[in-house]
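See structure below.
Naming: A, B, ... by sequence-line order, numbering from 1 per chain. Computation of the quantities below employed the complete heavy-atom set of this structure, encompassing side-chain atoms and omitting hydrogens, waters and symmetry-equivalent molecules.
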There are 2 protein chains.
Amino acid sequence: MFKKVLIAEDMEDINKGVFAMLNELGIQEVQQVQYCDDAYMRIQKARLDKKPFDLLITDLSFKEDYRTQKYPNGPDLIERIRQDDRDMKIIVYSIEDKIQVVKKLFNSYKINGYVCKTRRGLKNLSSAITDIMKGKKYVSPEVDNALSTHSDLDINDYDIALLSHLSKGMSQEEISDYYKKNNISPASLSSIEKRLNKLRVDFNANNAIQLIAIVKDLGLI
Amino acid sequence: MFKKVLIAEDMEDINKGVFAMLNELGIQEVQQVQYCDDAYMRIQKARLDKKPFDLLITDLSFKEDYRTQKYPNGPDLIERIRQDDRDMKIIVYSIEDKIQVVKKLFNSYKINGYVCKTRRGLKNLSSAITDIMKGKKYVSPEVDNALSTHSDLDINDYDIALLSHLSKGMSQEEISDYYKKNNISPASLSSIEKRLNKLRVDFNANNAIQLIAIVKDLGLI
DNA sequence: TGATCCATTACGGGATTCCGTAAGGCTGTT
DNA sequence: AACAGCCTTACGGAATCCCGTAATGGATCA
């Protein structure tokens, strides 16, 4: 069983709920923070003290407030952690159910579990912990099938940036000019058209408008 | 002080947190439900028994599960309640911070308070209750200024439908044809262009693509 | 009835997107 | 060197969007 666990969750009530559940599971040491920066500090310190955390349970989105944060939300925190430590287990516990977001967490950041905050969220979180102890991954049923079926489209950072520019109102020609100025390749109008055409096919969109609507729903931009 | 309060909130932990807070405020009778349909039933029954609720505190989004619901989420519930009862106080307690959504809740459904789920969420909820008891409205600081400054654009159902069709990939000409078939007026391509032009100006969008991106962010569609 | 207002519709032209075809350039293989 | 494969770029035409201006039609009021 995990010995030392950190909870990063801004909402007090949820944080408490998770804490109680971990106690019931018989975990000895559970620490709680409400900010990602605090989470990183604790993890850092624990590692230096040679008493590292076994497991991090973290939310994705943290509401901003007066405390400006270096790592304002979950993905930022996780990315930073993974620079030092590929081993610590990480479970994301979030309301987010957008497939692409979850996919990226597993692929890029090698998280070990993803649990949706639902009515059964705490129970699933408990299952996740036991699964991960056995070396398995865990994905909440809410996103599991969507994750496995939805064939893997190869959307890269260039595509994301392109869609983002488009959604900000730039014309394809303006994007082309911008890319030429900033030495981003491919930059030609023709290439941009081609790439957008591919994206439209991938996402079954009739035109650029629908494409943007779809990728916004997916949480891609 | 309110005597009889109902909490509608699907997440168990949050529901508990709110319940505890209400107890501390000294409210005598607090009931809790995790589904909107249950909420409506209770409210209905309480009214028939001549012991109606003074106050409803409800979430906006309820996760779907195996129980199919007549009123799947907060707005549906609130709309239904307001058909019978314009007097019961309603506070929405939600993570949602999209201005247009909040605006619609106040304008169309005459809710009495809106509290954002944040770190200080419970404290704000408590303030909301005391404000509303005094006959005032309450709006969380997170959305308050945005709500008051952002001048009131007159976006109607026709506009929303138009934007929705656009986001689903229909061309303006297709929308025009569709409107003509279904006797929706105005239906001409020219009128549709004109309306979209107005919307682009209202929302400061360069083109239809950005327009859709913006209204999606605002939660309008 | 005539004047006015306002919403809807019509039309034209420039800008942009969409989509096919083809040419140019780079890489790796034989 | 010659070739194939792939990515990038170029170009042209059709469709669509964008944006004026102007005509139509209904409602109201004097």
Could you list the protein-to-nucleotides 8-10 of chain C atom pairs, N/O on both sides, closer than 3.5 Å?
from: C/dT9; atom 1: OP2; to: B/Ala187; atom 2: N; distance (Å): 3.1
from: C/dT9; atom 1: OP2; to: B/Ser188; atom 2: N; distance (Å): 3.1
from: C/dT9; atom 1: OP2; to: B/Ser188; atom 2: OG; distance (Å): 3.2
from: C/dT9; atom 1: OP2; to: B/Ser191; atom 2: OG; distance (Å): 3.0
from: C/dT9; atom 1: O4; to: B/Lys194; atom 2: NZ; distance (Å): 3.1
from: C/dA10; atom 1: N7; to: B/Ser190; atom 2: OG; distance (Å): 2.9
from: C/dA10; atom 1: N6; to: B/Ser190; atom 2: OG; distance (Å): 3.2

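A/Ile192 has its CD1 atom 14 Å from the P atom of C/dT16, to the nearest Å. One can place CD1 of B/Ile209 at 9 Å from C1' of C/dT16, the figure rounded to the nearest angstrom. As a whole-Å value, the separation of B/Glu193 CD from C/dG12 P is 14 Å. In this structure, CG of B/Asn206 is placed 13 Å from C1' of C/dA15, rounded to the nearest angstrom. Distance CE (A/Met170) to C1' (C/dT17): 16 Å, rounded to an integer number of Å. Rounded to an integer number of Å, the gap from CD1 of A/Ile175 to P of C/dT16 is 12 Å. Between the P atom of C/dT17 and the CG atom of B/Asn207 lies a distance of 7 Å, rounded to the nearest Å.
Residue B/Ile129 holds its CD1 atom at 5.0 Å from CD1 of B/Ile91, rounded to the nearest 0.5 Å.
Think of the region where chain B sits on DNA chain D: with heavy atoms and a 4.0 Å cut, that region ends 5' and 3' at D/dT16 to D/dA22.
The cationic atom of B/Lys89 (NZ for Lys, CZ for Arg) does not lie both less than 6.0 Å from the six-membered ring centre of B/Phe2 and within 45° of the ring axis. Within the cation-pi definition used here (under 6.0 Å to the ring centroid, within 45° of the axis), A/Arg42 does not qualify as a partner of A/Phe53. Judged by the 6.0 Å and 45° rule, B/Lys70 forms no cation-pi pair with B/Tyr40.
The existence of a salt bridge linking B/Glu9 and B/Lys117 is confirmed by a sub-4.0 Å separation between a basic side-chain nitrogen and an acidic carboxylate oxygen. Remark: B/Lys198 engages B/Asp202 in a salt bridge, criterion side-chain N to carboxylate O under 4.0 Å. Between A/Lys137 and A/Asp131, none of the side-chain N atoms (NZ, or NE/NH1/NH2) sits under 4.0 Å from a carboxylate O, so this pair counts as no salt bridge.
Side-chain N/O atoms of A/Ser190 and A/Lys194 include no donor and acceptor closer than 3.5 Å. A donor-acceptor pair shorter than 3.5 Å can be found between the side chains of B/Ser188 and B/Ser191.
The side chain of A/Gln172 contributes no N or O atom lying less than 4.0 Å from OP1 or OP2 of C/dA15.
B/Glu173 comes within 4.0 angstrom of the backbone, heavy atoms only, and of no base.
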